[in-house]
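Residue numbering restarts at 1 for every chain, and letters A, B, ... go by the order of the sequence lines. Note that these values count all heavy atoms, side chains included, but never hydrogens, waters or copies made by symmetry.
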Number of protein chains: 2
Amino acid sequence: MVTIYDIAKEANVSPATVSRVLNRQGNVRDETAQKVLKVAKKRNYSPNTMARSLRTKKTNLIGLIIPDIENPIYPAPVRGIQDVANRKDYSVIIHSTDGDERKEIDTIRRLTAVGVDGLIINISEACTLLVEEIRRLRRISLPVVALGPWHPDLEIDCVSVNNEKGAYMATEHLLKLGYHKVAIIKGPEGNISSRERFLGYKKAMEDYCEPISEGMISEGNFKLGSGYKAAKRLIEKNKLDAIFCVNDVMALGAMAAIREEGLRIPDDIALIGFDDIELANLSRPSLSTVAQPKYETGKIAAELLFKQIEGKLSSGKYYSIEPNLVIRETTLKVKEMTTT
Amino acid sequence: MVTIYDIAKEANVSPATVSRVLNRQGNVRDETAQKVLKVAKKRNYSPNTMARSLRTKKTNLIGLIIPDIENPIYPAPVRGIQDVANRKDYSVIIHSTDGDERKEIDTIRRLTAVGVDGLIINISEACTLLVEEIRRLRRISLPVVALGPWHPDLEIDCVSVNNEKGAYMATEHLLKLGYHKVAIIKGPEGNISSRERFLGYKKAMEDYCEPISEGMISEGNFKLGSGYKAAKRLIEKNKLDAIFCVNDVMALGAMAAIREEGLRIPDDIALIGFDDIELANLSRPSLSTVAQPKYETGKIAAELLFKQIEGKLSSGKYYSIEPNLVIRETTLKVKEMTTT
DNA sequence: TTGTAAGCGTTATCAC
DNA sequence: GTGATAACGCTTACAA
């Protein structure tokens, strides 16, 4: 390995000068700088970043902790984070912890030992030990930002999709098209995202003065089959002309159920989902949905992190990302369909 | 930050002893060891890994370079790599380089500067500069393994799915079910994977003495629409009773085309894809396909890397991963369907 | 503008 | 068994 001492010797200067040149600190005669640069290039010099880090207490590394990179929700925000990090000449260390509190804490420990300059965490649940650990990070003033649901007791920056608003938009879209009896297929009671989305749905219905009867609310577990069953139940019980599903997969299940009942989409029942998974665009009819700007979410989280790294104090604020309505075939107005 | 000096002082021993204890090197009286351990725990000591790395030349970091984490092919192998790395107390730094040679080289440089103990690369194409860079890594004897298509001129370990075999299995499956006129929708000429899969198809057809007429070969670009069009062309030109598509997405397109022609799947035309994307199981009828054990691929790559890291010389061998046939509704024999 | 030297927190080589 | 002490490669006062 070639060091600044090697360069220094060959360029007939001191190691300090080499360092100054390489870090463009100025205070160096242009001539000597050129000389150093030339030798460095010739010897294919590349600084030893751990030695540098040991001195400067900066590693140009950030840590990212998520439950599982295999979960299709994550690749996009991860890429967003990578892109802003790499542009700043940072690398990102990624750990999948399966939402296991023990693993999460161990990983945080390991990452701080490595000396990452900042940390982005997707907290599964705010268990007490984990919260304590994150507090510790704040105490040693390590920049941290949370990706995903907010935990108010943690005073850290947080960026998350505005689930309520997205649900509102979806429901309102249905309502504006002239559908009145909009049913909902929601997720398990405990799930935060589902709860937020249900709230948005309710608000829209209220704002448009549409009553929600009990028969219009059905619950699934985010999986295909549960959407299918929930839709069947809905169709049985009630006259309804549209369904909002809190995720696309259940919407796809519902689509199958509706078809089986001999009903047409969107003629008899309009359908809209949430997430904009790839499949939404491939199904027939293609599924209208609410898209989360997932890449953006990661990008913003990273930008917040770098603001902290660059010295700005974190405000412990909640950054809400605006979702987008994606209109496809399952919510085309019948009239519009026949005229086109 | 608490250092071994702090621990040493508080435990009334020398820093050297603390280090010995913490690294379980032995040669330390049990009593003193306990004392040190207690203080370390109490002070919540965690070693500074950059300082350690500076001495030991080991970072417990490995680098991973892929084109794009957002491409659904990658999350699974990435997770495989993470799992074996984390179990060995390693972290993995992941970069998405969009298959851009310049970025790939820069990233390799950066990662070696960081001092990763090994590197896993998914080489898009073996451009000369990149090849040169990888040779350099071998020269400084940094462990490297390639994930994906092999480049024979690079003498490094490589792990990749056996595309030819997978295609053979798919085709043979169709043939064994009694289909004879098996058409293929392949990918762009330049694509290595597609070429390998085409080879497997051809071999199976030959082995079963089925002639391949020109009208049975169609080409797409891996996207949905191209599969649709390719299938239409196929149906027009020829009597065929089955189609093998070199990827699932095109198979889904083909499915739509077949349905539009008023033909039934698998009664009139059987259909099989390659990749086993999530969608394959959700479509109706569900799509038979060839699954690549993607997680396994990453796992094996990482295991090979650690073998190198732990001192075994790399053999520059090609590790071929066996694909699995996933039989679903699009290749059910009609007879079987009616009897069940 | 340049050089000397101290130190970042470890580990490893010696002595004792 | 244990303790000084010298690296590891770099940055940065401080001097010159």
DNA chain C: 5'-proximal contact among B/T3 and A/A16 (nearest heavy atom) = A/A16

Picking from D/dG3, C/dG9, C/dG3, which would you name as closest to the side chain of A/R20?
-> C/dG3

Between A/P47 and B/V13, whichever has its closest DNA chain D nucleotide further toward 5' is B/V13

Just to confirm, is there a sub-4.0 Å distance from OP1 or OP2 of C/dT4 to any side-chain nitrogen or oxygen of A/Y5?
-> no

Can you find a side chain N or O atom of A/S14 that sits less than 4.0 Å from OP1 or OP2 on C/dG3?
-> yes

Is there a donor-acceptor contact under 3.5 Å from the side chain of A/N23 to the main chain of A/Q25?
-> no

Per the side chain to side chain contact (heavy atoms under 4.5 Å, CB included) rule, which among A/I120, A/L305, A/T297 passes with A/V159?
-> A/T297

Between B/I108 and B/L130, is a side-chain contact (heavy atoms from CB on, under 4.5 Å) present by the stated rule, with each step listed?
-> CA-CA 9 Å; B/I108 291 177; B/L130 187 54; 4.0 Å; yes

Base, sugar-phosphate alone, or nothing: which one does A/S19 contact when heavy atoms must sit under 4.0 Å apart?
-> base

Could you check whether B/N48 gets within reach of a base, just the sugar-phosphate, or nothing at all, counting any heavy atom under 4.0 Å?
-> sugar-phosphate

Using a 4.0 Å heavy-atom cut-off across all strands, classify A/S53 as base, sugar-phosphate, or nothing.
-> nothing

Which part of the nucleic acid does B/T49 contact within heavy-atom distance under 4.0 Å: base, sugar-phosphate only, or nothing?
-> nothing

Between B/R52 and C/dT11, is there a side-chain N or O to OP1/OP2 distance below 4.0 Å?
-> yes

Is any side-chain N or O of B/K57 closer than 4.0 Å to OP1 or OP2 of C/dT11?
-> no

For A/G115, does its backbone N or O pair with a side-chain atom of A/T59 as donor and acceptor, under 3.5 Å?
-> yes

Do B/R55 and C/dA12 have a side chain to base donor-acceptor pair shorter than 3.5 Å?
-> no

Comparing B/L54 and B/P15 on DNA chain D - which has the more 5′ nearest nucleotide = B/P15

